[in-house]
Amino acid sequence: MSRSIDAHVHLWNRATDPQPWIDPATMGVIDRDFAPADLGRMLDSTGVDAAVVVQSSNSAAETRRLLAHPDARIAGVVGWADLTGDVAAQLDGLGPAERGRLVGIRHLVHVDPDPAWLQRPDVGKALEQLGAHGLGFDLVVRWWQLSPAAAVVAAHPGVRFVVDHLGGLAESDVDAGWEAGLRELATRPNVFAKISGLAGLVSGGGGARLRRAVDVALEAFGPERLMYGSDWPLAELGAGPVAWRCAVDELVAELSQAERRAVMSGTASAFYGLGA
């Protein structure tokens with residue numbers, strides 16, 4: 001039986017990798033460090049076997065630190081690379097063990113000072129290098145960036161992309177624009193998506209909105225291109241990872257066993273090359 005995968009978690013030690021976006025007044029529950037032991041307890045509580053750790057800083061040093069964690073429950077790391085530079089050289093600079101644990105690349109597009117960062121010619125060239133090295137790219141964007149992202153995706157059909165957090169629905173009150181953008185991305189067979197980052201809707205009276213969002217994603221992508229992610233520890237700002245896992249189970253309850261297995265393990269394993 002394939003192991004279940006949480007496709008989106010974070011770890012950080014603020015002494016080496018500060019997280020200045022954390023507001024102690026409103027985000028006190030995550031205003032601390034999160035280590036592999038904490039991750040293990042969270043996975044146990046949600047009944048998941050392993051996780052993909054995703055970068056939280058645009059930092060090559062953070063990526064190396066994440067890659068150095070020996071914990072067996074870290075199935076892989078989505079790190080950062082400077083996509084305005086020579087990506088091949090950066091990847092070649094990793095040791096064999098590091099390269100084996102690196103399963104993807106992400107840049108914090110949604111907060112980049114350059115609103116057209118994703119459309120830069122040098123970034124486009126770097127995306128092609130990622131594809132040549134067998135690495136996918138995590139798209140973390142706001143809902144209004146979905147349509148421009150679709151144009152980038154269309155220009156790189158040989159590169160695999162995954163949309164984090166279903167494209168930022170939780171930050172948008174304009175669901176029609178979000179839906180159009182997500183559906184546009186879903187027309188491209190090289191694009192996948194994570195059912196993640198929406199735990200705030202579970203505890204915030206947004207159940208109907210969450211149901212609608214997941215229904216749109218299922219219809220647009222199909223289970224074979226969707227993967228479960230807790231977005232822990234940020235899920236603690238909402239209902240928490242256990243309540244989020246329960247909500248996702250309920251949202252996909254009407255799918256077949258094979259389809260549920262895709263969402264909970266198969267899609268992430270195939271996209272990130274995690275093996276059995």
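The closest side-chain donor-acceptor pair between D6 and S230 falls under 3.5 angstrom. For the residue pair T63/Q55, the side-chain donor-acceptor check at 3.5 Å is not satisfied. At a cut-off of 3.5 Å, with distance as the only test, a side-chain donor of H165 or S196 sits close to an acceptor on the other residue. Between the side chains of D49 and S4, at least one donor N or O sits under 3.5 Å from an acceptor N or O.
Both L201 and V29 sit in one connected hydrophobic cluster of ILVMFWY residues. Membership requires side-chain heavy atoms under 4.5 Å apart, directly or through other members. In this structure, L67 is not a member of the same hydrophobic cluster as W80, with clusters built from ILVMFWY side-chain heavy atoms closer than 4.5 Å. In terms of hydrophobic clustering, with Ile, Leu, Val, Met, Phe, Trp and Tyr side chains grouped at heavy-atom distances under 4.5 Å, L39 and L234 are assigned to a common cluster. Linking ILVMFWY side-chain heavy atoms closer than 4.5 Å, directly or via other members, places L108 and L102 in two distinct hydrophobic clusters.
Minimum heavy-atom separation, M227 to Y272: SD-CE1, 4.0 Å. Smallest separation of non-hydrogen atoms from V109 and V140: CB-O, 3.5 Å. Closest heavy-atom contact between A262 and E224: CB-CA, 4.3 Å. Pairing each heavy atom of R160 with each of G134, the nearest pair is NH2-O, 2.8 Å. The shortest non-hydrogen separation linking V87 to A126 is CG2-CB, 3.4 Å. Contact between I5 and S269 at its shortest, heavy atoms only, is CG1-OG, 3.9 Å.
When atom types are taken as modelled, the side chain of E98 and the backbone of G95 share a donor-acceptor pair closer than 3.5 angstrom. The closest donor-acceptor contact from the side chain of S2 to the backbone of G266 lies at 3.5 Å or more, if one exists at all. In this structure, R188 contributes its side chain and A154 its backbone to no donor-acceptor pair below 3.5 Å. Distance alone, capped at 3.5 Å, places no donor-acceptor pair between the R3 side chain and the A50 backbone. Between the side chain of T46 and the main chain of R245, no donor-acceptor pair closer than 3.5 Å is present. Between the side chain of S57 and the main chain of S59, no donor-acceptor pair closer than 3.5 Å is present.
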For side chain to side chain contact (heavy atoms under 4.5 Å, CB included), just list the numbers for L198 and D231, CA-CA rounded to whole Å, side-chain angles, deciding distance to a tenth of an Å, and then say yes or no.
CA-CA 8 Å; L198 302 175; D231 195 27; over 6 Å; no

Could you check V252 against L226 for side chain to side chain contact (heavy atoms under 4.5 Å, CB included), going step by step and ending with a plain yes or no?
CA-CA 11 Å; V252 301; L226 290 175; over 6 Å; no

Chi angles and distances behind the side-chain hydrogen bond (donor to acceptor under 3.5 Å, both in side chains) call for H110, Q145
CA-CA 8 Å; H110 64 315; Q145 297 172 304; over 6 Å; no

Evaluate the side chain to side chain contact (heavy atoms under 4.5 Å, CB included) criterion for residues E184 and L146: first the C-alpha distance (whole Å), next the side-chain angles of each, then the deciding distance (0.1 Å), finally the verdict.
CA-CA 8 Å; E184 184 179 4; L146 290 171; over 6 Å; no

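Rounding to the nearest 0.5 Å gives a distance of 6.0 Å between CG of L130 and CD1 of I105. Between the CG atom in D31 and the CG atom in D23 there is a gap of 8.5 Å [rounded to 0.5 Å]. In this structure, the separation between CG on D17 and CZ on R14 is 11.5 Å, given to the nearest 0.5 Å. Taking CE of M264 as the reference point, atom CD of Q257 lies at 13.5 Å (rounded to 0.5 Å). The line from CD1 of I30 to CD1 of I22 is 4.5 Å long, rounded to the nearest 0.5 Å. How far CH2 of W144 is from CH2 of W178: 15.0 Å, rounded to the nearest 0.5 Å.
Ring geometry, W117 versus H107: the interplanar angle falls under 30°, so the pair is classed parallel (tilted spans 30 to 60°).
Judged as a salt bridge (Lys or Arg N to Asp or Glu O under 4.0 Å), the pairs with a partner in residues 68-96 (not counting sequence neighbours) are, in order, D44-R73.
Residues F161 and H156 meet the side-chain proximity criterion, which asks for heavy atoms closer than 4.5 Å. F271 is not listed as a side-chain neighbour of V103, based on a closest heavy-atom distance of 4.5 Å or more. Counting heavy atoms from C-beta outward, V54 and V9 have side chains that stay 4.5 Å or more apart. Counting heavy atoms from C-beta outward, P223 and R260 have side chains that stay 4.5 Å or more apart. In this structure, L94 and R64 have side chains that are in contact, with non-hydrogen atoms separated by less than 4.5 Å. Residues L274 and V52 form a side-chain contact, since some pair of their non-hydrogen atoms from C-beta on lies under 4.5 Å apart. With a 4.5 Å cut-off on side-chain heavy atoms, L255 and L218 count as touching. Taking the side chain as every heavy atom from C-beta outward, W143 and D175 never approach each other to under 4.5 Å.
F137 pairs by the ring pair (Phe, Tyr, Trp, His ring centres under 6.0 Å) definition with nothing, not counting sequence neighbours. With sequence neighbours left out, the side-chain contact (heavy atoms from CB on, under 4.5 Å) criterion links R212 to E179, V216.
In this structure, Q119 places its CD atom where more than 12 heavy-atom neighbours from other residues, nucleotides or ligands lie under 6.0 Å away.
Using a cut-off of 4.0 Å between Lys/Arg side-chain N and Asp/Glu carboxylate O, D138 and K194 are scored as salt-bridged. Salt bridge present: R106 and D164 bring a charged side-chain N and a carboxylate O closer than 4.0 Å.
Between W21 and W12, the ring centre distance stays below 6.0 Å.
Looking at L127, L118, L139 one by one, the single match for side-chain contact (heavy atoms from CB on, under 4.5 Å) with V153 turns out to be L139.
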